[in-house]
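Step one of this worksheet: look at the structure below.
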There are 2 protein chains.
Amino acid sequence: MRILKYAILGLLYNEKLTGYDITSKFKGPLGQFWTAKHSQIYPELRKLTDEGFIQYEVVVQGTKLEKKVYEITSLGEKELSEWLEKVERDSSVNKDEFMLKTYFISAMEKEEAYDLFNDQLVKRKENLSKLQKTLSLLEEDEIPITFSSPQFGHYLVLTRAIEREKGYIVWLEKTIDLLK
Amino acid sequence: MRILKYAILGLLYNEKLTGYDITSKFKGPLGQFWTAKHSQIYPELRKLTDEGFIQYEVVVQGTKLEKKVYEITSLGEKELSEWLEKVERDSSVNKDEFMLKTYFISAMEKEEAYDLFNDQLVKRKENLSKLQKTLSLLEEDEIPITFSSPQFGHYLVLTRAIEREKGYIVWLEKTIDLLK
DNA sequence: TGCAGCATGTAACGGGTTACATGATTTA
DNA sequence: TAAATCATGTAACCCGTTACATGCTGCA
């Protein structure tokens, strides 16, 4: 129920951002666990502004380009806190089309399944190395990663995403062996 | 794009099922990676019937209760195969509300974060033990798990779900240690 | 006989994607 | 100067959830 609302409030908790910036954030590590397209973000920003959870300032870039720089209001911070405190009653299912296909593996030719699993293995490895590069960059910064630094959440999400990919890869390799 | 369509076709590949049966399937291990409510399933069954991918037979249960038992047509099998062969160009994001909150951990009180992580740990452990019980039952059956037995997909999905939960739990425990 | 589970549907609404649409700025 | 990127919006459509609505069957 309107989780995007909280994602935006959370992003604005630490810094002022434009709609475009928010869209970009979902292309980084955060995007491993939540995403939204700009076509969803702009109407949501409008709505949050109307509700008083955020406000914006028009900043002129160059000579003509007007951009809206959003910041969270105290009302918005309160709203964010309430969501953060609340435990979810039922964690939503992680839909995975590849695993759905796997469930129906008996309807495939063995060779076909082999190809499909190898393709998935390549993709997962690509994602893993991308994530590992991001982690290296984060660790290079030398900024100590402590609780209550905005880096901390970033770091936790990255390590979780990396471990998740590693686990997926191990399982894929094990399964590919069974298909030989 | 209409993945539920293929989920239903896949389920009907091995056995004849009613709408209710299909709904039940999503409550089992398959539901770890894909789900749908009956309110989505019945209209989809209607659509697939109109498209000629499935057909049904009315069976009377007891004295009055008429149920529709669906089976896949050869056209449906062809459609299913095409989907199974095709590699996904972009694997969809696994949305995870808990990880979204984690990204914003710097906006939480330490104690609050601690409670949240412990709650998640309990939930994940519960899910893990449920999955492990299901795996035991599957292995008790003594039916050899070979490629092209419908059990194989079931087995693969279960082992993947179990490994996924284990990885999540390890990460949660590691993070809880950091919060002490 | 009462209750859990079997069985099937529809309606309203909200979430999310794809496509349409436009224009400015920065950098190679 | 061309291309990539920054920047913002809308419209149509599909997917999915919640809620509404009904009735039968099997078992304790």
Side-chain angles (χ1 to χ4, degrees), chain A residues 1-8 11 16-28 31 33-51 54 56-70 83 88-97 100, chain B residues 1-8 11 16-28 30-31 33-51 54 56-70 88-97 100:
Chain A
M1 354 62 186
R2 279 188 76 196
I3 295 175
L4 177 60
K5 164 181 162 179
Y6 300 106
I8 291 173
L11 287 170
K16 296 181 182 179
L17 297 167
T18 64
Y20 188 85
D21 294 334
I22 291 168
T23 308
S24 306
K25 290 274 178 185
F26 287 118
K27 288 170 185 158
F33 299 105
W34 206 269
T35 35
K37 306 282 168 70
H38 80 275
S39 55
Q40 201 187 353
I41 291 164
Y42 288 110
E44 188 65 40
L45 286 169
R46 171 70 200 270
K47 212 171 174 187
L48 289 169
T49 306
D50 292 346
E51 291 167 332
I54 60 175
Y56 66 88
E57 190 190 359
V58 175
V59 172
V60 178
Q61 187 88 345
T63 49
K64 278 183 192 168
L65 196 153
E66 293 193 345
K67 61 181 184 180
K68 293 178 181 172
V69 179
Y70 289 89
W83 172 71
E88 295 106 65
R89 35 232 147 329
D90 54 340
S91 55
S92 55
V93 175
N94 285 243
K95 289 195 169 184
D96 185 331
E97 192 177 347
L100 181 64
Chain B
M1 355 60 185
R2 280 187 76 197
I3 295 176
L4 177 59
K5 164 181 162 179
Y6 300 106
I8 291 173
L11 286 170
K16 296 181 183 180
L17 298 167
T18 64
Y20 188 88
D21 293 335
I22 291 168
T23 308
S24 306
K25 290 275 179 185
F26 288 118
K27 289 170 185 159
L30 174 60
F33 299 104
W34 206 268
T35 34
K37 307 281 167 73
H38 79 275
S39 55
Q40 202 186 352
I41 291 164
Y42 288 110
E44 188 64 41
L45 286 169
R46 170 72 199 270
K47 212 172 174 186
L48 289 169
T49 306
D50 292 346
E51 291 167 333
I54 60 175
Y56 66 88
E57 190 191 0
V58 175
V59 172
V60 178
Q61 187 88 346
T63 49
K64 277 183 192 169
L65 197 153
E66 294 194 343
K67 60 181 185 180
K68 292 177 181 173
V69 179
Y70 289 88
E88 295 107 65
R89 42 236 147 318
D90 55 340
S91 55
S92 55
V93 175
N94 285 243
K95 290 195 169 184
D96 185 330
E97 192 177 349
L100 181 64

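A, B, ... follow the sequence lines: proteins, then strands. Residue 1 opens every chain.
For A:Glu66, there are no salt bridge (Lys or Arg N to Asp or Glu O under 4.0 Å) partners two or more places apart in sequence or in a different chain. Not counting sequence neighbours, the partners of B:Glu88 by the side-chain contact (heavy atoms from CB on, under 4.5 Å) test are A:Glu97, A:Phe98, A:Lys101. Residues meeting the ring-ring contact (aromatic ring centres under 6.0 Å, His included) test with B:Tyr70, sequence neighbours left out: B:Tyr56.
Straight-line distance from the CD atom of A:Glu57 to the P atom of D:dT8: 13 Å, rounded to whole Å. In this structure, CD1 of A:Ile41 is placed 14 Å from P of D:dC6, rounded to the nearest angstrom. The distance from atom OH of A:Tyr42 to atom P of D:dT8 is 4 Å, rounded to the nearest whole Å. Atom pair A:Ile3:CD1 and C:dG16:P shows a separation of 7 Å (rounding to whole Å applied). Going from atom CG of B:Leu48 over to atom P of C:dT8 covers 15 Å, rounded to whole Å. Per the geometry, CD1 belonging to B:Ile8 stands 12 Å off P belonging to C:dT8, to the nearest Å. When rounded to the nearest whole Å, the span between CE of A:Met1 and P of C:dG14 equals 14 Å. Rounded to whole Å, the distance from NZ on B:Lys37 to P on C:dC13 is 18 Å.
Heavy atoms of A:Arg46 sit nowhere under 4.0 angstrom from any nucleic acid atom. B:Lys5 comes within 4.0 angstrom of nothing in the nucleic acid, heavy atoms only.
No side-chain donor from either of B:Asp21 and B:Ser24 sits under 3.5 Å from a side-chain acceptor of the other.
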Report, one line per pair, each donor and acceptor closer than 3.5 Å where one atom sits in a side chain of residues 38-46 of chain A; sequence neighbours left out.
residue : atom : partner : partner atom : Å
A:Tyr42 : OH   : A:Tyr20 : N            : 3.4
A:Glu44 : OE2  : A:Arg2  : NE           : 3.4
A:Glu44 : OE2  : A:Arg2  : NH2          : 2.8
A:Arg46 : NE   : A:Asp50 : OD2          : 3.4

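Comparing B:Lys47 and A:Lys68 along DNA chain D, the residue whose closest nucleotide (by nearest heavy atom) sits nearer the 5' end is A:Lys68. Sequence order on DNA chain C of the closest nucleotides to B:Pro43 and B:Asp21 puts B:Asp21 first from the 5' end. Mapping B:Tyr20 and B:Leu45 onto DNA chain C by nearest heavy atom places B:Tyr20 closer to the 5' end of the strand.
Considering every non-hydrogen atom in both A:Leu100 and B:Trp34, the closest pair reads CD1-CB, 4.0 Å. When all heavy atoms of B:Leu11 and B:Phe26 are compared, the closest pair comes out as CD1-CZ, 4.4 Å.
Between the A:Thr35 side chain and the A:Gly31 main chain, no donor and acceptor come within less than 3.5 Å of each other.
Between B:Lys67 and D:dT25 there is no side-chain polar atom (N or O) within less than 4.0 angstrom of OP1 or OP2. Taking 4.0 angstrom as the limit, B:Lys95 places a side-chain polar atom (N or O) nearer than this to OP1 or OP2 of C:dG16.
Taking only side-chain atoms of B:Tyr70, from C-beta outward, the nucleotide of C:dT10, D:dA7, C:dG9 with the closest atom is C:dG9.
Taking CD of A:Gln61 as the reference point, atom OG1 of A:Thr18 lies at 9.0 Å (rounded to 0.5 Å).
In the helix from C:dT1-D:dA28 to C:dA28-D:dT1, the rotation axis of the first five pairs and that of the last five pairs differ in direction by 40°, rounded to 10 degrees.
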* Contact state string [nucleotides 19-28 of chain C, B base, S sugar-phosphate only, - no protein heavy atom under 4.0 Å] -> B---BSS---
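Side-chain atoms of B:Leu48 and B:Lys5, non-hydrogen and from C-beta on, do get closer than 4.5 Å to each other.
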